[in-house]
Amino acid sequence: MTLTLAIHSSKGGTGKTSIAMNLAVAFASTGKNTCLIDLDLRGPSLCSMFEPKTHFWINDFLSGKCNINDTLTDVKGEMGTEAHMYLSFSNPDIREIRDLVSKDRDWQASALKALMNGKRELSEKDLDVIIFDTSPGVEYESINAVAASDMVIIVHNDTMPVPAVQNSL
């Protein structure tokens, strides 16, 4: 059975993608075939860490233009992990991000269906773990990723300044 985790936060800049990447590497290093999918469609950053080696983005899959397997890049060799570590990138082009923001509820509903079908296809690929790096906040694509997951990890950082402690000595 494949475990699906969503890594989520209420705002950007919490380190969500770094945590998702570190979890993916940890799982793959222990022999678990792992797939990390960048579903932060409004602020993709996974492609800044790795160069996509595919012609298709996860956006293309969610729009019905390709199969989920077409979006995968195996970085096992680069990472030196024991098991396969697949990455699926979100398109960082600003036109794609603008287009996504204009999508209606019908598109989002079909994207959720595609995501559930993609999760099933990836499970059949003998993946042990699928990790969704979500868009922060309460956006449709974030809700879709959470709905398609078995477990959600909420990333939060405290932005309140820590008061200085005075030494009484």
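Lys65 is linked by a side chain to side chain contact (heavy atoms under 4.5 Å, CB included) to Asp60, Ser63, counting only residues two or more places apart in sequence or in another chain. Under the rule for a side chain to side chain contact (heavy atoms under 4.5 Å, CB included), the partners of Ser142 that lie at least two apart in sequence or sit in another chain are His8, Thr134, Ser135, Glu139.
The residues Arg95 and Asp93 are annotated as salt-bridged, a charged nitrogen and a carboxylate oxygen being separated by less than 4.0 angstrom.
Taking every heavy atom of both residues into account, Ala148 and Phe132 meet most closely at CB-CE1, 3.9 Å. Annotation for Cys47 and Ser90: closest pair SG-O, 4.2 Å, computed over non-hydrogen atoms. Heavy atoms only, all atoms of each residue included: Ala147 and Leu112 are closest at CB-CD1, 4.4 Å. Closest of all the heavy-atom pairs between Lys125 and Asn69 is CD-OD1, 3.5 Å.
The side-chain contact (heavy atoms from CB on, under 4.5 Å) with Leu39 is formed by just one residue from the set Asn59, Leu115, Asn144; it is Leu115.
With hydrogens and angles disregarded, a donor-acceptor distance shorter than 3.5 Å links the side chain of Thr2 to the backbone of Leu127. Asp133 places no side-chain N or O within 3.5 Å of a backbone atom of Ala20 that could act as its donor or acceptor partner. Judged by distance alone, the side chain of Thr73 and the main-chain N or O of Lys53 form a donor-acceptor pair under 3.5 Å. At least one donor-acceptor pair closer than 3.5 Å links the side chain of Asp150 to the backbone N or O of Thr4.
Residues Ile143 and Leu41 are members of separate hydrophobic clusters, defined by side-chain heavy-atom contacts under 4.5 angstrom among Ile, Leu, Val, Met, Phe, Trp and Tyr. Note on Trp107: it clusters hydrophobically with Ile58, by side-chain heavy-atom contacts below 4.5 Å among ILVMFWY residues.
Between Arg120 and Asn117 there is a side-chain heavy-atom pair separated by less than 4.5 Å. By the 4.5 Å heavy-atom criterion applied to side chains, Val152 and Ile154 are counted as neighbours. Within the 4.5 Å cutoff, no side-chain heavy atoms of Leu100 are placed close to those of Glu96. Inter-residue side-chain proximity for Pro136 and Asp40 is flagged as met; some heavy-atom pair is nearer than 4.5 Å.
Grouping Ile, Leu, Val, Met, Phe, Trp and Tyr by side-chain contacts under 4.5 Å, direct or through others, puts Leu36 with Leu3, Leu5, Ile7, Ile19, Met21, Leu23, Val25, Phe27, Leu46, Met49, Phe50, Trp57, Val75, Met79, Met85, Leu87, Phe89, Val129, Ile131, Met151, Ile153, Val155.
For the atom pair CG of Asp128 and OG of Ser123, the computed distance is 10.0 Å after rounding to the nearest 0.5 Å. Taking CG from Asp38 and CG from Asn91, the interatomic distance works out to 10.5 Å, rounded to the nearest 0.5 Å. Summarising the geometry, atom OH belonging to Tyr86 is positioned 11.5 Å from atom OG1 belonging to Thr71; distances are rounded to the nearest 0.5 Å. Atoms NZ and OG, from Lys16 and Ser45 in turn, are 6.5 Å apart once rounded to the nearest 0.5 Å. A distance of 10.0 Å separates CD1 of Ile97 from CZ of Arg42, quoted to the nearest 0.5 Å.
Around the NZ atom of Lys32, the shell of radius 6.0 Å holds no more than 12 heavy atoms that belong to other residues, nucleotides or ligands.
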